[in-house]
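Chain letters run A, B, ... following the sequence lines, proteins first and then strands; every chain starts at 1. None of the values given here were measured: they were computed from a predicted structure.
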Number of protein chains: 2
Amino acid sequence: MKVHDRITIPVRWEVGCSAQAETSPAEFVPAQVPGAVQLDFARALHYPDYGSGENFRRFEWMEDRHYLYRAFFPHPGLEPGQRLWFVSKGIDYAFRISLNGRCLYAREGMFAPVEIDLTECLMEENRLEIAISPVPKLHPAPADRSQAAGAVKPPVSYGWDWHPRLIPLGIWDDTVLEVRHAASIRDVHVGYVLSEDLQQAELTLRAQTSAVEGLRYRWTLRDPDGAGVLYREGELEREVEIGAVLESPRLWWTHDHGAPELYESEFVIRSAAGEVLDRAVSHIGFRRIRLVMNEGAWDEPRDFPKGPSVDPIQLELNGRRVFAKGTNWVNPEIFPGTITEKRYDELLDLALEANFNLLRVWGGGIVNKDSFYDLCDRKGLMVWQEFPLACNDYPDDDRYLAVLEREAEAIIRRLRKHPCLAIWCGGNELFNNWSGMTRQSWALRLLDALCYRHDRHTPFLPTSPIYGMGHGNYVFKWEGREVLETMLESRNTAYTEFGMPGISPRSVLERALPAEELFPPREHSSWQSHHAYHAWDALPDTWLCMGLLEEYFGAADTLDQLIERSQTLQCVGYKTIYEEARRQKPYCSMALNWCFNDVWPVAANNSLIAYPAEPKPAFRAVAASCRPVCTSARFRKFVWTAGEMFEAELWVLNDRFAEAPGLKVKVWLETPAESTFLLEWNSPQLKPNANVAGPTVRFALSEDAPPRFVLRLEAEHFPEYDSEYLFLARPKETESPRTAVMNV
Amino acid sequence: MKVHDRITIPVRWEVGCSAQAETSPAEFVPAQVPGAVQLDFARALHYPDYGSGENFRRFEWMEDRHYLYRAFFPHPGLEPGQRLWFVSKGIDYAFRISLNGRCLYAREGMFAPVEIDLTECLMEENRLEIAISPVPKLHPAPADRSQAAGAVKPPVSYGWDWHPRLIPLGIWDDTVLEVRHAASIRDVHVGYVLSEDLQQAELTLRAQTSAVEGLRYRWTLRDPDGAGVLYREGELEREVEIGAVLESPRLWWTHDHGAPELYESEFVIRSAAGEVLDRAVSHIGFRRIRLVMNEGAWDEPRDFPKGPSVDPIQLELNGRRVFAKGTNWVNPEIFPGTITEKRYDELLDLALEANFNLLRVWGGGIVNKDSFYDLCDRKGLMVWQEFPLACNDYPDDDRYLAVLEREAEAIIRRLRKHPCLAIWCGGNELFNNWSGMTRQSWALRLLDALCYRHDRHTPFLPTSPIYGMGHGNYVFKWEGREVLETMLESRNTAYTEFGMPGISPRSVLERALPAEELFPPREHSSWQSHHAYHAWDALPDTWLCMGLLEEYFGAADTLDQLIERSQTLQCVGYKTIYEEARRQKPYCSMALNWCFNDVWPVAANNSLIAYPAEPKPAFRAVAASCRPVCTSARFRKFVWTAGEMFEAELWVLNDRFAEAPGLKVKVWLETPAESTFLLEWNSPQLKPNANVAGPTVRFALSEDAPPRFVLRLEAEHFPEYDSEYLFLARPKETESPRTAVMNV
């Protein structure tokens with residue numbers, strides 16, 4: 001049986017720039033597609049690594065230029081029944097496509113795909129051009145994220161507290177000239193509704209085709225083992241709709257609760273002779289995801305006058321109320337055009353290693369490329385997907401809303417096919433004063449309406465935080481209180497952003513900073529440009545937190561010592577938050593730190609993974625805190641005084657949905673000099689998805705306690721459940737913490 | 001110029017009932033249209049007044065019957081070019097319409113209008129039939145509001161704490177046979193968008209017509225004085241769309257902030273000869289209504305982890321942040337079919353008299369008839385309109401959602417034409433545990449999407465209360481605390497439901513209750529059926545609150561004494577809440593009591609107006625508290641002890657948007673025996689829409705204080721701003737309040 005595959009015609013792109021739209025570029029440089037015009041010029045002009053020092057500033061002139069991509073190609077010599085298409089998954093941002101001087105398409109918006117049949121406009125020699133407008137700016141000044149408030153474009157690239165100002169433009173996703181048969185498939189979507197008991201799936205395949213007379217379609221559904229479970233054939237029309245029922249579908253689970261089972265759908269167009277003229281393969285994961293009320297939340301509020309109960313954020317996957325452990329995902333690259341499947345893959349493997357089951361794709365950045373969602377489908381990771389709105393007041397403006405509607409519709413239609421998609425969300429922090437949007441904002445009402453229309457089975461949130469959730473804080477100590485204390489007093493349904501800064505590993509610092517600036521860190525150096533000072537205005541020495549590090553550990557003598565201390569504090573902070581959030585289950589159902597990865601070589605940041613994919617020590621600490629089952633200790637502070645009565649509650653944290661025998665937990669006090677046995681606790685049997693609280697360990701710290709000590713929880717026969725907690729001890733006589741110098 | 005008006009063909013309706021749908025009724029009784037089948041049978045069977053005693057229970061058998069309306073009429077002898085239409089504004093609930101045995105239309109839903117062209121099915125003698133299904137019930141038991149959770153039908157009629165179980169069925173709104181010209185108007189909507197400075201209106205008229213060739217339309221817009229300001233003519237098509245710009249439109253204001261200016265739009269279809277074949281007249285009020293953030297609300301929350309700011313509820317009318325004073329409107333009749341324009345008019349005039357500017361049309365009841373909104377337009381009252389969802393968990397169910405979508409769309413298209421429409425709202429108390437819906441509920445996402453699509457310029461709320469608002473309480477004292485104390489400690493952006501019970505006037509009691517049950521009130525009598533006992537399960541003696549009345553006043557000797565005491569407490573409570581809510585401006589922006597009117601003769605209720613339109617004393621008290629400008633006192637309790645230091649803060653409340661000179665306020669202590677001058681305060685100048693706080697009055701209550709005393713605030717030269725506050729005094733030696741008997 002002959003199969004006509006789509007054929008890609010290789011083209012060589014080049015790009016030029018000019019100050020005015022009307023002026024043709026004087027010269028062109030080679031362009032990488034997908035990529036970014038900035039990277040093409042940087043390459044041509046031999047700019048040094050923008051990740052290093054102040055080099056990124058050299059890109060500034062590129063913001064306001066007009067760009068013109070072009071490619072010359074001969075007529076591809078089509079056979080009868082063949083068509084030549086221009087196909088792009090994403091062009092950033094406002095653009096105009098011409099062939100041989102004739103404009104074929106113009107649009108604003110980087111996320112909706114472009115498909116243009118070029119066949120009728122082809123000549124013997126062809127010139128394909130894509131004109132790109134300058135960076136969209138709502139106003140000329142201030143030069144910050146507020147300039148992005150009129151565009152459906154990631155505001156993060158206009159500058160953020162962990163991202164330099166570098167605003168990509170150009171072809172950023174797969175873009176090809178493609179020969180297709182005249183009878184080709186435009187779109188296939190296999191939707192389904194699961195019965196309440198999850199024992200039956202009602203499938204509906206909807207295909208748009210450019211059909212011609214006398215053809216047939218054939219639809220095959222294969223189970224995760226590759227066995228065919230459904231076949232349908234029929235006469236091809238422009239709109240094909242096929243209904244089918246699948247009994248006992250194998251369910252898609254996150255990796256920590258089962259297997260991410262994927263069915264394969266193959267839809268083909270066949271000629272009367274049986275030749276395959278086109279085909280579309282996609283994957284289906286059967287799962288039901290809901291947001292249900294957090295346990296205990298319906299009992300509140302109690303007093304009159306009475307408000308509403310909080311908004312639900314408990315994820316229910318296939319009927320299980322799963323605790324969501326995860327992180328905030330940001331672009332892995334400043335220029336998304338350079339992101340490859342491999343880049344996604346290495347980071348997503350780290351997410352698995354961290355025992356995460358949910359990634360919040362933060363609205364300040366891009367909606368990812370297809371391979372990201374394919375990988376999440378396969379790895380069993382849930383995705384909370386935001387639209388590209390963040391920390392701005394996006395206006396009730398018809399022009400903006402029209403762009404948003406088209407872009408959002410394309411995003412929804414693209415991503416709804418993925419079982420990993422767990423939550424739609426309007427954007428980041430929109431209901432706080434630094435953004436200024438409200439439930440009345442048209443952009444958010446529109447997004448909710450679109451998600452309802454095209455994908456109502458996936459929950460929708462207007463923003464994060466919503467009522468009941470907590471965002472922040474992002475430092476170890478705030479207004480005199482340590483995060484350990486704050487968390488004990490917090491009561492939130494979800495912690496959807498909490499940060500803890502840590503300095504990057506030395507190798508990253510050596511790339512980010514000139515050698516002579518490495519130590520000691522100073523303001524107004526590249527430490528500052530790389531987010532160690534004045535990143536977050538609320539604290540001038542974020543994310544380095546030099547003052548705090550000195551308060552806890554005294555002045556550092558070396559860069560390595562400074563790095564170790566900063567990363568230690570990051571470990572302690574993150575462990576505290578993840579584990580306390582888990583202890584607050586079932587009222588609390590989610591813990592996502594800010595943020596997973598870095599986008600470029602930073603000096604310090606809240607991230608767990610330094611650029612490009614180097615785990616910080618906090619990564620391992622968090623992975624331990626997120627184990628499905630683990631021992632845990634709850635305590636109220638990090639620094640204890642010699643002679644003081646130390647206290648910590650013992651817990652077993654359990655997110656598994658199976659009964660398990662109780663654990664025998666032994667508790668040890670570890671100092672460099674000795675290990676002291678403190679307590680043995682036989683926990684009761686572990687019930688599905690329920691933590692167990694145990695006794696409180698109490699002991700008087702010795703008068704000569706060493707500066708650091710560790711509480712170690714040892715689970716007999718289950719070393720994989722062991723946990724360790726580091727503390728500082730201060731001598732009794734220390735009056736002022738700032739004067740306490742400890743050598744560690 | 002000849003004008004062809006629509007001609008109504010008089011018909012005589014009758015109605016029969018049967019146990020099964022297939023069985024024809026054995027006999028028919030005369031039917032009143034609009035009305036309710038229950039009322040027709042009650043009339044035919046000579047049932048006594050259902051408002052009296054237990055008579056309403058006699059209607060119970062009618063719930064599960066099938067009904068058949070019918071009318072016989074001869075062929076109306078149409079002239080050439082004439083058509084006969086069946087037109088109904090509302091048939092309750094599931095129905096099927098047939099002519100001469102042929103089914104022409106069937107539907108579920110009481111709010112979408114019905115228009116059927118009967119012409120082609122007419123015979124010499126005609127039988128028009130409307131079959132009505134039994135009351136929709138989600139389940140057979142329990143027989144309460146939860147049965148309404150699958151229907152777009154007011155749940156209140158299934159029984160509420162102020163409404164007996166009496167569930168109407170039948171033709172409830174205007175329904176006629178109408179002769180129209182073949183070229184007739186189906187719908188006209190004049191939409192507009194005001195420029196940011198309100199100086200220009202961009203109008204768009206959209207008309208649907210059953211056009212025939214060669215006709216013309218003419219559109220005239222007249223200003224509030226009747227002067228034509230816009231004319232447009234053109235060739236008639238099925239869809240007419242006309243754009244126009246009006247400079248400096250006169251704005252629609254609520255009665256307390258200006259004049260409710262109404263323009264008149266007249267759209268006519270004309271023949272080539274100039275004859276008017278059909279016309280549609282409607283009114284337009286130009287206003288911009290937004291919900292903006294309450295002042296001060298963006299500053300919260302302060303601490304990390306940080307949630308979102310509260311939802312905005314500050315009404316902004318034409319750029320003014322107006323304080324909304326109003327009430328919760330409930331059906332004025334149990335059977336809405338009997339509501340007339342006159343009935344609406346008398347109640348709405350009382351709303352004006354109460355100084356209200358906003359009515360919340362509560363989601364437990366009906367969406368009102370057209371005349372209600374016409375009157376609100378003309379009187380300058382804003383309407384917060386809920387969809388018919390209340391206190392139930394309306395399901396994520398395709399069948400229900402399909403009905404809801406069609407009904408809601410009809411409701412939106414009908415009401416969006418009215419300038420009075422200030423807020424759309426999904427329904428009542430849906431985000432609290434007694435309902436169980438959340439922001440994820442499909443019904444509410446659907447309603448938001450529909451409102452966005454058809455009327456996005458009007459704000460939408462999913463329910464009340466939302467985050468920031470307070471509902472309740474509904475009694476004077478709760479868990480040992482008086483409402484006076486509770487209100488001082490509350491901080492809400494809006495009080496959208498607060499109740500204070502009062503016994504009905506004697507005349508109403510004499511209708512509601514058998515003479516022998518009148519005094520003293522007892523449980524298990526008609527006092528109970530008429531909501532004096534066990535109305536609200538949380539307190540068994542609501543709404544009478546006999547225990548509380550005895551605590552404050554001792555046992556009553558007569559019915560009149562009991563009524564006076566209950567109504568006194570209601571006055572004090574309501575004055576406290578409205579005035580404290582106003583004092584909390586600008587953070588607080590709204591105060592709506594529960595509820596305005598009664599639906600039938602009740603023994604006791606939170607209402608201000610007894611059935612049918614008899615103001616209780618609390619009505620006058622509230623009217624005084626809601627004056628645009630008034631003096632006011634703030635105090636922490638109602639009952640004081642002889643010798644105690646009395647304290648009250650002085651205020652001037654001002655909702656007017658104009659500067660005004662300060663007031664000279666004299667404060668008097670009034671007892672039956674004497675008036676004592678306490679203090680004189682010269683308030684500062686009154687700034688627009690801003691209250692003024694003054695000094696605190698302090699004096700020691702005399703040892704022989706009489707049981708009641710009054711604080712009187714006298715505004716020199718402005719007696720219309722005077723205020724009075726009643727207090728109780730107890731002798732010092734009284735230990736237990738329950739033993740204190742006071743004669744008043």
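The contact between Asn492(A) and chain B is made entirely by side chain atoms (from C-beta outward), counting heavy-atom distances below 4.5 Å. Of the two parts of Leu446(A), the backbone and the side chain both hold a non-hydrogen atom closer than 4.5 Å to a non-hydrogen atom of chain B. Interface remark: Tyr467(A) contributes backbone and side-chain atoms alike to the contact with chain B (heavy atom separation under 4.5 Å). Using a 4.5 Å cut-off between heavy atoms, Trp442(A) touches chain B through backbone and side chain atoms alike. For Phe498(B), no part sits under 4.5 Å from any heavy atom of chain A, backbone or side chain. Neither the backbone nor the side chain of Ile423(B) comes within contact range of chain A, judged by heavy atoms closer than 4.5 Å.
Among the residues in residues 455-465 of chain A, those with a non-hydrogen atom closer than 4.5 angstrom to a non-hydrogen atom of chain B are Arg456(A), His457(A), Thr458(A), Pro459(A), Phe460(A), Leu461(A), Pro465(A).
When all heavy atoms of Gly472(B) and Pro305(A) are compared, the pair lying nearest together is O-CB, 3.4 Å.
With respect to chain B, the highest number of heavy-atom pairs below 4.5 Å among Asp396(A), Asp299(A), Leu450(A), Ile466(A) belongs to Ile466(A). Taking Asn473(A), Thr486(A), Val310(A) one by one and counting their heavy-atom pairs under 4.5 Å with chain B, the maximum is reached by Asn473(A). Looking only at heavy-atom pairs under 4.5 Å with chain A, the residue among Met487(B), Met437(B), Met293(B), Glu429(B) that has the most is Met437(B). In terms of heavy-atom pairs under 4.5 Å with chain B, the best-connected choice from Gly307(A), Ser435(A), Gly468(A), Ala297(A) is Gly307(A). By number of non-hydrogen pairs under 4.5 angstrom with chain B, the leading residue of Pro301(A), Pro312(A), Ser490(A) is Pro312(A). Across Arg445(A), Arg453(A), Gln440(A), Glu497(A), the residue that shares the most heavy-atom pairs under 4.5 angstrom with chain B is Arg445(A).
Interatomic distance, Phe304(A) CZ to Glu479(B) CD, rounded to the nearest 0.5 Å: 9.0 Å.
Partners of Asn294(A) according to the side-chain hydrogen bond (donor to acceptor under 3.5 Å, both in side chains) rule, which considers only residues two or more places apart in sequence or in another chain, are Ser589(A). Arg491(B) is linked by a side-chain hydrogen bond (donor to acceptor under 3.5 Å, both in side chains) to Glu300(B), counting only residues two or more places apart in sequence or in another chain.
The closest side-chain heavy-atom distance from Trp298(A) to Thr438(B) is below 4.5 Å. Annotation: side chain of Met469(B) is not in contact with side chain of Pro308(A) (no heavy-atom distance under 4.5 Å).
Among pairs with a residue in residues 304-316 of chain A, those fulfilling side chain to side chain donor-acceptor pair (under 3.5 Å) read Asp311(A)-Arg439(A), at least two apart in sequence or across chains.
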